[in-house]
Amino acid sequence: MFWTQEVLKALDKNEVQLINDSKTPSGEPHVGSLRGVLVHDAIFKVLKGEDYQVKYIFGSDDYDPVDEIPKGQDDHFTKYLGMPLCNVPPPPGSEYSDMAEHFISGFFKIFDDLGVKAEKYRMRDVYRSGKFNEAIEKILLKRDAIKEIYRQVSGSEKSDKWYPFQVICENCGRIGTTEVIDFDGKEVTYVCRPDLVKWATGCGHTGKMSPYDGNGKLPWKLEWVAKWMTWGITIEGAGMDHSTKGGSRDVSGRILREVFGKKPPYNVPYGFFLTEGAKMSSSKGIGATAREMNEFLAPEMLRYLMLSTPPKRAINFSPSESFIVKLYNDFDSVREGAFSGLEEKEQQRQIYQISELNTSENYHIPSFSLIKNLVQMPHIDIYAAARELKGDGLTELEGYRLGSRIRSAKFWLEHFATDEDKFTIQHELTEEILEKLEPEHYGLIQQFRQDLHHIEWTETNIQQQIFDSSRMVPITPKSSFKAMYLIFLNKDRGPQVGNLLYYLGRETVLNRLESIQFSEPPVWKACSVTLAELNDFGNEHKEKIVSAHYRYKAERQVSCIEFIFELNNGQKMLRRLYFESYLEPEEVVKVVDDFANKSNIVVLPD
RNA sequence: GAUCCUGUAGCUCAGCCGGUAGAGCACAUCACUUUUAAUGAUGUGGCCCUGGGUUCGAAUCCCAGCGGGAUCACCA
């Protein structure tokens with residue numbers, strides 16, 4: 001059963017469902033932050049699809065203090081450490097009013113791209129408007145019971161003077177450094193301590209003021225309680241780190257239940273987003289931020305990546321070619337399954353419904369691996385290739401999807417692909433390349449460059465010619481391809497040779513091939529058969545052979561006899577006997593006649 | 001130490017409200033005039049981590065281990 005169905009089963013359809021999630025805008029959001037966003041969105045979509053009364057709200061926790069500085073921005077942010085995020089000026093050059101808006105707006109923009117239609121709220125508005133006044137009062141009054149739960153669940157001992165609340169210091173504006181030491185039912189007394197936390201220094205000010213209307217905030221675990229009880233939230237998943245026993249989710253849930261007698265929201269714990277088995281960290285560069293991943297993958301791909309794995313399981317992302325290609329292929333096959341109408345594809349249909357934004361229309365699209373190759377050949381019109389592949393014009397949707405897949409391929413090549421994954425057209429023949437060529441490759445080059453003069457320069461003809469020329473060397477097509485990749489890409493593998501050479505152009509290809517010099521005898525030796533093999537060949541093919549010719553070649557104390565067979569399907573094949581000496585004309589004739597008699601094939605001089 | 005995830009073919013995994021062990025890749029054989037990770041057909045390959053329990057019957061459910069991964073113990 002797909003995970004969304006399990007969530008569905010656990011919820012009461014007669015209840016109004018309110019889904020909540022939030023993010024602290026303290027820096028550039030990490031990719032993993034999107035998992036919660038999308039898991040909640042998937043639940044939202046599924047509930048909506050089942051006609052539940054459901055709403056999805058998403059908050060910016062912008063009343064939290066600045067407790068770490070976004071990478072590389074020490075100069076600007078250091079002096080604001082400890083102040084509420086929403087009261088800190090944005091980094092220089094930002095178009096936003098404050099630090100919190102600066103970071104959350106980019107995150108919310110991704111929501112739009114991913115089709116996440118959550119109703120957004122900001123904690124500054126919630127606190128300042130007084131909406132949490134009631135919850136704050138209740139929590140302050142129940143501090144002993146709350147403290148007891150902290151102790152029981154997580155074993156943390158709080159002092160007698162502990163109050164679960166922090167105000168914004170009237171003197172220095174910090175919220176992370178203040179400690180409330182008394183509450184008289186109307187106002188709190190606080191101290192702004194220089195050494196309360198390691199990451200910020202309070203000013204030492206002591207004051208007394210109302211805790212309401214935005215003067216301060218609840219600590220994280222109680223803020224959760226306040227949200228849940230004030231708004232009646234029924235569903236809120238949390239990362240595995242919060243969801244562990246004794247973790248913040250556990251503490252908050254028990255406080256809500258035991259102190260305030262309400263049911264905590266349904267939890268959907270979700271795991272981390274790992275790269276190559278390690279947790280992706282923002283400091284490790286590309287691909288780590290939500291913004292970059294959103295730039296890389298189209299919405300439906302990113303949603304699929306985040307939602308096809310059951311939430312509890314970690315997602316093991318890898319930017320390797322095999323992972324990315326598999327991701328796309330899996331998605332394409334899920335999409336095919338979803339549109340197949342087959343009953344056993346129900347799960348695929350469910351995955352597809354929460355991944356794709358518009359699930360009404362199927363589409364044809366070339367595989368990622370094809371596109372990533374074509375993208376490396378600048379001349380190729382990929383849209384034309386796609387039309388050819390489909391055998392029809394592209395729909396508007398197909399053109400659009402293809403466009404984003406091309407962008408993804410380019411992004412992948414630029415940011416993730418290893419040198420092995422990429423290829424670069426070689427502009428000249430280097431010693432390094434020549435050293436890698438084997439004698440049989442020279443045989444192919446010799447044959448191929450001759451044959452290329454006689455064909456019309458099209459992708460399919462070139463492709464076809466490789467096979468035809470190979471038979472005349474003879475050499476296996478596989479080895480012939482390798483020769484071409486070496487000569488033009490300095491690699492063992494590459495994209496379709498027809499495309500590649502077509503792009504390079506007849507002149508360039510012929511100039512390159514004709515500039516390669518070598519002596520023939522080693523080729524003869526490398527591309528030869530034994531007399532026994534020749535006889536076997538004759539016996540095996542004699543029904544198909546229409547005509548046969550031979551020619552004798554000699555050079556530098558060695559020689560060879562080449563047999564050229566024409567088959568009834570139009571193919572021409574060559575087989576060569578190699579000799580470490582010159583042969584007299586009579587000897588040549590004798591060898592040829594021997595073969596002719598044994599195989600019953602008439603062999604004429606060329 | 002605690003919590004969660006995970007252990008099934010050489011590799012990546014599906015199957016998990018019990019009923020004869022699955023897919024893709026890889027490998028092997030055959031076929032083939034075309035290598036875009038990917039031509040078609042056929043085939044090889046598994047004490048489903050271990051031990052116990054429930055059951056007519058367990059890969060599946062329960063308990064206990066072992067191995068791998070992650071998270072938590074101050075703060076969000």
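Protein chains get the first letters and strands the later ones, always in sequence-line order, with residue 1 at the start of each.
- Here the nucleotide nearest the side chain of A:Ser369, chosen from B:U36, B:A70, B:C72, is B:U36.
- At the heavy-atom level, A:Asp67 lies nowhere under 4.0 Å from the strands shown.
- Nucleotide B:A41 is matched to B:U29 when pairs are restricted to Watson-Crick or G-U wobble geometry with both distances under 3.5 angstrom.
- Counting only N and O atoms by type, the side chains of A:Glu440 and A:Ser479 include a donor and acceptor under 3.5 Å apart.
- Per the geometry, CG belonging to A:Leu489 stands 13 Å off C1' belonging to B:U36, to the nearest Å.
- Put simply, CD on A:Gln465 is 15 Å from P on B:U34, counting in whole angstrom units.
- Distance from the side chain of A:Phe272 is smallest to B:A70 among B:A70, B:C4, B:A76.
- Separating the CE atom of A:Met240 from the C1' atom of B:A2 is a distance of 14 Å, rounded to the nearest angstrom.
- The salt bridge (Lys or Arg N to Asp or Glu O under 4.0 Å) search around A:Glu336 returns none, not counting sequence neighbours.
- In terms of the side-chain contact (heavy atoms from CB on, under 4.5 Å) criterion, residue partners of A:Ser26 (sequence neighbours excluded) are, by chain and number, A:Thr24, A:Leu85.
- Residues A:Glu321 and A:Gln166 each lie close to RNA chain B; by heavy-atom proximity, the contact nearer the 5' end of the strand is made by A:Glu321.
- Contact between the side-chain N/O atoms of A:Lys312 and the OP1/OP2 oxygens of B:C4 is not found at any separation under 4.0 Å.
- With a 3.5 Å ceiling on both atom-pair distances, the Watson-Crick or G-U wobble partner of B:A70 is B:U3.
- Base pairing analysis places B:C48 opposite nothing; no Watson-Crick or G-U wobble pair with both distances below 3.5 Å involves it.
- Relative orientation of the A:Tyr80 and A:Phe77 rings is perpendicular, given thresholds of 30° and 60° on the angle between their planes.
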Run A:Glu223 and A:Tyr127 through side chain to side chain donor-acceptor pair (under 3.5 Å) and show every step you take.
CA-CA 11 Å; A:Glu223 194 166 276; A:Tyr127 280 115; 2.6 Å; yes
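- Nucleic acid contact class of A:Val197 (heavy atoms, under 4.0 Å, all strands): none.
- Between A:Ile139 and A:Met229, some side-chain heavy-atom pair lies under the 4.5 Å cut-off.
- Taking atom P in both B:G45 and B:A9, the straight-line distance is 14 Å, to the nearest Å.
- Distance, A:Phe423 CZ to B:U36 P: 14 Å, rounded to whole Å.
- Relative to the side chain of A:Leu370, the nucleotides B:C4, B:U36, B:A76 differ in distance, and B:U36 lies closest.
- As rounded to the nearest Å, B:A59 and B:G69 have P atoms that lie 28 Å from one another.
- A:Lys482 comes within contact range of no nucleotide atom at all, as no heavy-atom separation falls under 4.0 Å.
- Of the two residues contacting RNA chain B, namely A:Asp61 and A:Ala314, the nearest-nucleotide position lying further toward the 5' end is that of A:Ala314.
- Protein atom OH of A:Tyr150 is 11 Å distant from nucleotide atom C1' of B:A76, rounded to whole Å.
- Below 30°, between 30° and 60°, or above 60°: for A:Phe565 and A:Phe537 the angle between ring planes is between 30° and 60°, a tilted geometry.
- Here A:Phe368 lies out of heavy-atom contact (under 4.0 Å) with every strand.
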Listing time: all N or O pairs from protein to nucleotides 21-28 of chain B that are below 3.5 Å?
none

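- Remark: the backbone N or O of A:Leu81 is paired with a side-chain donor or acceptor of A:Arg174 at under 3.5 angstrom.
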Every protein N/O within reach of nucleotides 9-17 of chain B N/O, cut-off under 3.5 Å:
| unit_1 | atom_1 | unit_2 | atom_2 | d |
| --- | --- | --- | --- | --- |
| B:A14 | OP1 | A:Arg313 | NH1 | 2.5 |

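- To the nearest whole angstrom, the two C1' atoms, one in B:C47 and one in B:A58, are 14 Å apart.
- Between the CD1 atom of A:Ile315 and the C1' atom of B:C5 there is a distance of 13 Å, given to the nearest Å.
- Remark: C1' of B:U34 and CG of A:Asp451 are 16 Å apart, rounded to the nearest angstrom.
- Comparing the C1' positions of B:G51 and B:U44 gives a spacing of 32 Å, expressed to the nearest Å.
- Taking atom C1' in both B:A64 and B:G22, the straight-line distance is 30 Å, to the nearest Å.
- Residue A:Lys478 is out of contact with every strand shown, counting any heavy-atom pair closer than 4.0 Å.
- Ring orientation note: the planes of A:Tyr304 and A:Phe331 are nearly perpendicular, at an angle over 60° on the 30°/60° scale.
- Using Watson-Crick or G-U wobble geometry with both donor-acceptor distances under 3.5 Å, B:C61 finds its partner in B:G53.
- Among the heavy atoms of the strands lying under 4.0 Å from A:Pro219 are primed sugar atoms or P, OP1, OP2 only; no base atom is included.
- A salt bridge is defined here as a Lys NZ or Arg NE, NH1 or NH2 lying under 4.0 Å from an Asp or Glu carboxylate O, and A:Glu398 with A:Lys390 meets this definition.
- The salt bridge (charged side-chain N to carboxylate O under 4.0 Å, His left out) contacts involving residues 368-383 of chain A comprise A:Glu321-A:Lys372, where partners must be two or more places apart or lie in separate chains.
- Separating the P atom of B:G7 from that of B:A14 is a span of 7 Å, rounded to the nearest Å.
- Under the 30°/60° scheme for interplanar angles, the aromatic rings of A:Phe416 and A:Phe411 are found to be tilted.
- Taking atom P on both B:C13 and B:U55, the two are 36 Å apart, rounded to the nearest angstrom.
- Applying the Watson-Crick and G-U wobble criteria (two distances, each under 3.5 Å), B:U34 pairs with nothing in any strand.
- A distance of about 30 Å separates the C1' atoms of B:G46 and B:A31, rounded to the whole Å.
- Taking the six-membered ring where the residue is Trp, A:His242 and A:Trp220 present tilted rings, their angle falling between 30° and 60°.
- The shortest distance between side-chain heavy atoms of A:Cys192 and A:Cys172 falls below 4.5 Å.
- One interatomic measurement links the two molecules: CZ of A:Arg249 to C1' of B:C72, which rounds to 16 Å at whole-angstrom precision.
- A centroid separation of 6.0 Å or more is found between the aromatic rings of A:Tyr163 and A:Tyr190.
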Are there any protein N/O atoms within less than 3.5 Å of an N/O atom in nucleotides 29-33 of chain B, and if so, which ones and at what distance?
| unit_1 | atom_1 | unit_2 | atom_2 | d |
| --- | --- | --- | --- | --- |
| B:U33 | O2 | A:Gln464 | OE1 | 3.1 |
| B:U33 | O2 | A:Gln464 | NE2 | 2.6 |
| B:U33 | O4 | A:Asn569 | O | 3.4 |

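- Under the Watson-Crick or G-U wobble criterion, with both distances below 3.5 Å, B:A9 has no partner in any strand shown.
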